[in-house]
Amino acid sequence: MLRMSTLFLRTLREDPSDAEVPSHRLLVRGGYIRRAAPGGYTWLPLGWIVYRNVERIVREEMDAAGFQEVHFPALLPREPYETSNRWTEYGDNLFRLKDRRGNDFLLAPTHEEMFTLLVKDLYSSYKDLPLHIYQIQTKFRDEARPRAGLLRGREFVMKDSYSFDIDDEGLQRSYELHRDAYIKTFDRLGLPYVIVSAMSGAMGGSASEEFLAPIDVGEDTFVRCTNCDYAANTEAVRVRPPDPIAIGDLPASRVVDTPETPTIQTLVDLINARSDLRHPDRDWTAADTLKNVIVKLKHPDGTTSALAVGLPGDREVDLKRLEAQVSPAEVGVFEPEDFAKNPALVKGYIGPGSLGENNSSGIAFLVDPRVVEGSAWITGADTPGHHVMHLTMGRDFTPDGVIEAAEIHGGDPCPNCGAALEIARGIEIGHIFQLGRRYANALGLTVLDQNGKQQVVTMGSYGIGVSRAVAAIAETGYDDKGLCWPREISPADVHIVVTGKPTDPTGPAAEELAAALEVAGLRVLLDDRIGVSPGVKFNDAELLGVPTIVVVGKGLANATFEVKDRKSGNRTDVPVGEAVAHLLDVCR
RNA sequence: CGGAAUGUGGCGCAGCUUGGUAGCGCACCUGCUUUGGGAGCAGGGGGUCGGAGGUUCAAAUCCUCUCAUUCCGACCA
């Protein structure tokens, strides 16, 4: 039994000034966590109970799926990460340190290498596969900007699992197995989620999905269809291209004099104002123009190259989407001195005439999927003060390829069904993906197949942010009074509030109830503090967020307890004699 | 890494412009009263004002440097 009189807890009446998001604010105010370092939090007794409840559910679901738990050190030597090239690729996000002999170590940000090596160490036959192993471990990432309390820390707990299969079909089955296990886990945690297709990013590999809890304070942007079940991370959205247009007798392209039109808007205004250029049926819009943006790609080997992206003028380049396409290269700004080095580029009037590997600039020219064969555009004429109209793809220019780099707008058509997409934010609570053979290849994980031949093992990698899930759960269930935990997560089933004078019979009655509930198997938090006013106790109970609150007070004169549901606020007077049965009913 | 803000008892803040005994609310301790929605009265403990250097008879306050934190952006399995 938890007793408020002795619990290591101090609730705060006011919000801490450094906490912005609700979960962070309420977890600190309610005495669940305390900040110990930037991006690092101490779990206080109530918080630790909540954390362990989440961890237990995750573990039970992994075990139920037949996965086996192992546990690695967080402190690891450099070599395996050197071999997989992540000692370099992880960059500044890796916590690095040296031992007394000057050898390099790291605090693991994730454990693909170690799992791969462990399996290599023990297994050597296809008969041993498939294998699914996991751990629940503290991870370290030197985030440039930790924020939002537990949502993005530099030290956090993650459940990471790995699957090992002999072939792609096996990997697919392992992936599905994990997907199902994740669905069960998040359902049990009471977390709402959307499964979105995602990019695999720096991890390498192919198929990848994220579980996002749709919450506005989340850092991930995703789209979902208002009609069908399509959902995707914005990086992973594939634009639905329009049908190609027969070129036939489309108007010939024509260069027009457009002085003082360095921006899309000034250009559109000018051509709409000129009778000889006006569209016969409607006004021209920014979407009729083709904007050509030059970026600089920084490759991992240190070299740079230029890339031109052509996209409808009503859209900006979405850097995240672009980077996901060009990864592992990074995207940088094409500086004025870069322009100076390439005289074929006329700033403000760049067009397909100069772009492309075989044209004057020599810069690779990739276009948005909306730029289909037969589509006609108003775009730069590569001469100062001039644009070209009716420039038609497939007739007047041919780009080097297609790239998904334009920003996604709410209302864009769904790639599946064509209905409108909506944009939402979410917290990434889980990520599953098919790693493939990257790590197995790098670290030499092979097994003998039926024919006695060495085969490289294919892997899947699956993560749940356990400490982040605590915050996400807090984030999905709170109100202006405080937290509201799902029962299985809550630090207790019942929070008993005792009111009245110390000499009143309420104290002993509450003790008796608490003891009886414990015997019945319920977890009890008893506010037995003496001399604390009822208002303080009520407010603390609501702040702490135990799902069922029992008030032992005035009603006792009529032999009743008051039972309150934290979430709905509904109150019921229950006769003392029926209280245990009633509460068991409520809590089970 | 760019932009902005903030560092004063456990928490929230004032004081800084115009240098002169470090203050308020909450929390904490003692006593009495109070006890169904963050009680009252009285008394009390706790802070070298983020750090270093400088100016000055005198620095929380002015100057320089520095560190840290938070927010926005960039970055991020």
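- Rounded to a whole angstrom, the distance from the C1' atom of G7(B) to that of G12(B) is 14 Å.
- Comparing D540(A) and R34(A) by the nucleotide of RNA chain B whose heavy atom lies nearest to each, the residue mapping closer to the 5' end is R34(A).
- Rounded to whole Å, the C1' atom of U34(B) lies 41 Å from the corresponding atom of U48(B).
- C49(B): no Watson-Crick or G-U partner with both key distances under 3.5 Å is found in any strand.
- In this structure, C62(B) forms a base pair with G54(B), meeting either the Watson-Crick or the G-U wobble geometry with both donor-acceptor distances under 3.5 Å.
- With both pairing distances under 3.5 Å, C41(B) is matched to G31(B) as a Watson-Crick or G-U wobble pair.
- When the C1' atom is used for both U61(B) and G19(B), the distance is 6 Å, rounded to whole Å.
- If you check C26(B) for Watson-Crick or wobble pairing at under 3.5 angstrom, you find it paired to G10(B).
- Nearest-nucleotide assignment on RNA chain B puts the 5′-proximal partner with E542(A), out of D160(A) and E542(A).
- If you measure from atom CZ of R35(A) to atom P of C71(B), you get 10 Å, rounded to the nearest angstrom.
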Between protein and nucleic acid, restricted to nucleotides 33-36 of chain B and to nitrogen or oxygen atoms under 3.5 Å apart, what atom pairs and distances do you find?
from   : atom 1 : to      : atom 2 : distance (Å)
G36(B) : O2'    : K554(A) : NZ     : 3.3
G36(B) : N7     : T499(A) : OG1    : 3.2
G36(B) : N7     : K554(A) : N      : 3.3
G36(B) : O6     : K554(A) : N      : 2.6
G36(B) : N1     : E562(A) : OE1    : 3.1
G36(B) : N2     : E562(A) : OE1    : 2.9
G36(B) : N2     : E562(A) : OE2    : 3.4

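- Taking atom P in both G51(B) and G31(B), one finds a spacing of 37 Å when rounded to whole Å.
- Look at the P atom in both C13(B) and C57(B): the space between them is 37 Å, to the nearest Å.
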Pairs under 3.5 Å (N/O, protein and nucleotides 3-5 of chain B):
none

N/O-N/O pairs, protein side and nucleotides 72-74 of chain B side, under 3.5 Å:
from   : atom 1 : to      : atom 2 : distance (Å)
C72(B) : OP2    : R145(A) : NH1    : 3.4
C72(B) : OP2    : R145(A) : NH2    : 2.8

Could you go through residues 472-480 of chain A and list every donor-acceptor pair under 3.5 Å that involves a side-chain atom there, pairing it with any protein atom two or more places apart or in another chain?
from    : atom 1 : to      : atom 2 : distance (Å)
E475(A) : OE1    : S23(A)  : N      : 3.0
E475(A) : OE1    : S23(A)  : OG     : 2.5
T476(A) : OG1    : A472(A) : O      : 3.4
T476(A) : OG1    : I473(A) : O      : 2.9
D479(A) : OD1    : K481(A) : N      : 2.8
D479(A) : OD1    : G482(A) : N      : 3.1
D479(A) : OD1    : R566(A) : NH2    : 2.8
D479(A) : OD2    : R566(A) : NH1    : 2.8

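- Applying the salt bridge (charged side-chain N to carboxylate O under 4.0 Å, His left out) test to pairs two or more places apart or on separate chains, those with a residue in residues 27-43 of chain A are D15(A)-R29(A).
- With both pairing distances under 3.5 Å, A4(B) is matched to U70(B) as a Watson-Crick or G-U wobble pair.
- Sorted by first then second residue, the side-chain hydrogen bond (donor to acceptor under 3.5 Å, both in side chains) pairs that include residues 212-221 of chain A, not counting sequence neighbours, are R147(A)-E219(A), R152(A)-E219(A), T221(A)-R425(A).
- In summary, the side chains of S161(A) and H132(A) do not present any donor paired with an acceptor at a separation below 3.5 Å, with no hydrogens or angles considered.
- With sequence neighbours excluded, the residues satisfying salt bridge (Lys or Arg N to Asp or Glu O under 4.0 Å) with D142(A) are R154(A).
- Across the P atoms, G23(B) and G38(B) are found 31 Å apart, a figure rounded to whole Å.
- Ring-plane geometry between Y51(A) and W48(A) is classed as parallel, the angle between the planes falling under 30 degrees on a 0 to 90 degree scale with a further cut at 60.
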Report, one line per pair, each donor and acceptor closer than 3.5 Å where one atom sits in a side chain of residues 549-560 of chain A; sequence neighbours left out.
from    : atom 1 : to      : atom 2 : distance (Å)
T560(A) : OG1    : G555(A) : O      : 3.1

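- Among the nucleotides G38(B), C76(B), C11(B), the one closest to the side chain of R29(A) is G38(B).
- In this structure, CG of D220(A) is placed 13 Å from C1' of C75(B), rounded to the nearest angstrom.
- Checked against salt bridge (Lys or Arg N to Asp or Glu O under 4.0 Å), K139(A) has the following partners two or more places apart in sequence or in another chain: D160(A).
- Atom CG of D142(A) is separated from atom P of C1(B) by 11 Å (rounded to the nearest Å).
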Check nucleotides 24-29 of chain B for protein N or O atoms closer than 3.5 Å to its own N or O atoms and list the pairs.
from   : atom 1 : to     : atom 2 : distance (Å)
G25(B) : N2     : E14(A) : OE1    : 3.2
A27(B) : OP1    : R13(A) : NH2    : 3.4

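- Comparing U55(B) with C62(B), their C1' atoms are spaced 8 Å from each other, to the whole Å.
- Pairs passing the ring pair (Phe, Tyr, Trp, His ring centres under 6.0 Å) check and including a residue from residues 9-28 of chain A, sequence neighbours excluded, read H24(A)-Y41(A).
- Of all nucleotides present, none satisfies the Watson-Crick or G-U wobble test against U21(B) with each distance under 3.5 Å.
- Contacts of D314(A) classified as side-chain hydrogen bond (donor to acceptor under 3.5 Å, both in side chains), with partners at least two apart in sequence or in another chain: none.
- Whole-Å rounding puts the I427(A) CD1 to C76(B) C1' distance at 16 Å.
- Put simply, the side chain of L106(A) reaches to within 4.5 Å of the side chain of W87(A), judged on heavy atoms.
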